[in-house]
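Report on the following structure.
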Amino acid sequence: MKLGFACIAALLATLSTISTIALAQQPIVIKFSHVTASDTPKGQAAEYFKLLAEKNTKGRVRVDLFPNSQLYKDKEELEALHLGSVQMLAPSLSKFGPMGVKEFELFELPYLFSSYEDVHKITDGPIGAQLLKKLEPNGILGLGYWDNGFRQMTANKAIHVPADFRGLKLRIVSAKITDAYTRAWGANPQVMAFSEVYQAMQTGVVDGGENALSNIWTQRFYEVQKFLTLSDHGYLGYAVIVNKKFWDGLPADIRAILTDAVNKATERNNQIARRDNETALEAIRKSGKTQIITLTPQEKAEWKKVVMPVHKQMEDRIGRELLQSTYKTIDFKSQ
Ligand code: LMR
């Protein structure tokens with residue numbers, strides 16, 4: 001009898017050890033959601049992060065990627081991060097203004113940046129770091145910035161000069177500054193989630209929209225837009241963010257490996273963004289489905305002149321000091 005009890009006790013102890021080991025071996029799962037296709041700069045950088053994170057933690061971390069708005073779209077993503085339903089995102093910088101961190105609207109200003117080099121003077125410098133810090137009271141930790149490219153205009157009408165915008169319904173992201181400059185051109189801004197744009201363009205709910213070439217290509221907007229004007233009128237980039245509570249709760253060695261993986265993915269992203277947008281333009285051109293318009297310097301100057309007052313109008317929202325130090329850092333000229 002005694003022996004029987006001893007056997008059962010030993011068996012239970014063994015089972016509990018096995019389940020403890022099994023639990024200890026469960027990987028930490030990072031759900032990483034984003035809205036663009038896998039073959040965009042953001043999609044590829046997310047895949048590279050997954051590869052490094054899983055390899056370098058020797059499987060202690062598993063990264064589940066959900067591209068193409070599979071799980072969430074637009075602002076739902078940020079709510080999901082807040083609730084802990086996902087741990088990592090790379091939303092466009094335009095998403096933080098509506099969340100209450102208005103300083104991020106800096107990145108939406110038309111014609112602020114004229115090159116990736118200018119952008120990096122901000123994102124890789126003290127201003128970029130200071131902006132990411134402003135996300136922390138919202139339970140968000142910013143790990144870095146990922147480029148996409150410059151915004152171009154697509155429409156079912158040839159747009160050469162601001163007068164051509166009159167009355168056009170243009171899909172925009174939900175951002176005050178974008179709303180202001182599209183109105184300044186004479187268009188009618190329509191806020192819409194990225195995942196709904198193709199259909200809205202196809203059915204005529206909107207006449208046009210603005211995006212980086214890699215998105216115009218991978219979302220096939222060029223199939224349902226007769227014209228693409230190379231306007232380079234704004235910057236589209238992302239912040240790689242995590243739920244701060246989740247991040248702070250990770251073992252320190254894991255956090256260090258993941259930080260390194262994000263940094264390497266950032267480097268990879270920013271190397272491929274420029275190339276991917278150039279390749280996308282060539283692919284769109286070859287498709288023959290949309291007519292590509294290159295603006296003359298005079299036309300470009302007109303586009304710019306009409307929207308430049310938006311900088312001044314939005315100065316109070318963004319913060320005068322931040323705007324002035326940005327101008328200084330990138331040696332910005334309004335002409
Ligand atoms: C858009 O909504 O147009 C883009 O910002 C989507 C993205 O993440 O590139």
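The structure displayed is predicted, hence computed values, not measured ones. Each ligand, and each atom within it, is numbered from 1 in the order the structure gives.
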- Message: For a side chain to side chain contact (heavy atoms under 4.5 Å, CB included) check, start with the C-alpha distance between Leu230 and Leu295, then their side-chain angles and the critical distance, and finish with the verdict.
- Response: CA-CA 7 Å; Leu230 298 174; Leu295 298 174; over 6 Å; no
- Task: Verify salt bridge (charged side-chain N to carboxylate O under 4.0 Å, His left out) between Glu278 and Arg275, making sure each step is shown before the conclusion.
- Result: CA-CA 5 Å; Glu278 280 165 10; Arg275 185 200 66 202; over 6 Å; no
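Remark: ligand 1 atoms within the under-4.0 Å shell around heavy atoms of Thr36 are 7 (C), 8 (O), 9 (O). Below 4.0 Å from some heavy atom of Ser92 lie the following atoms of ligand 1, by number and element: 5 (O). Atoms of ligand 1 lying under 4.0 Å from at least one heavy atom of Asn211, given by number and element, are 1 (C), 3 (O). Near Leu236, meaning under 4.0 Å from any of its heavy atoms, are these atoms of ligand 1: 5 (O), 9 (O). Ligand-side atoms of ligand 1 in range of Asn215: 7 (C), 9 (O), range being under 4.0 angstrom from any heavy atom. The distance from ligand 1 to the heavy atoms of Val35 drops below 4.0 Å at these ligand atoms: 6 (C), 7 (C), 8 (O). Which parts of ligand 1 touch Val173 is read off a 4.0 Å heavy-atom cut-off, strictly below it: atoms 1 (C), 2 (O), 3 (O). Heavy-atom proximity to Lys42, at under 4.0 Å, picks out these atoms of ligand 1: 7 (C), 8 (O).
Taking the centre and axis of the six-membered ring of Tyr238, the NZ or CZ atom of Lys42 falls inside the cone set by 45° and 6.0 Å.
Side-chain atoms of Asp124 and Tyr145 form no donor-acceptor pair, as typed in the model, at a separation below 3.5 Å. Donor-acceptor pairing under 3.5 Å is recorded for the side chains of Trp146 and Thr266. In the model, Tyr327 has a side-chain atom that pairs as donor or acceptor with a side-chain atom of His311 under 3.5 Å.
One finds the OH atom of Tyr181 at 9.0 Å from the OH atom of Tyr111 (value rounded to the nearest 0.5 Å).
Counting only heavy atoms of the protein, atom 9 (O) of ligand 1 lies nearest to Tyr238 OH, 2.5 Å.
If you check each of Glu210, Gln219, Arg171, Lys95 against atom 3 (O) of ligand 1, the one with the closest non-hydrogen atom is Arg171.
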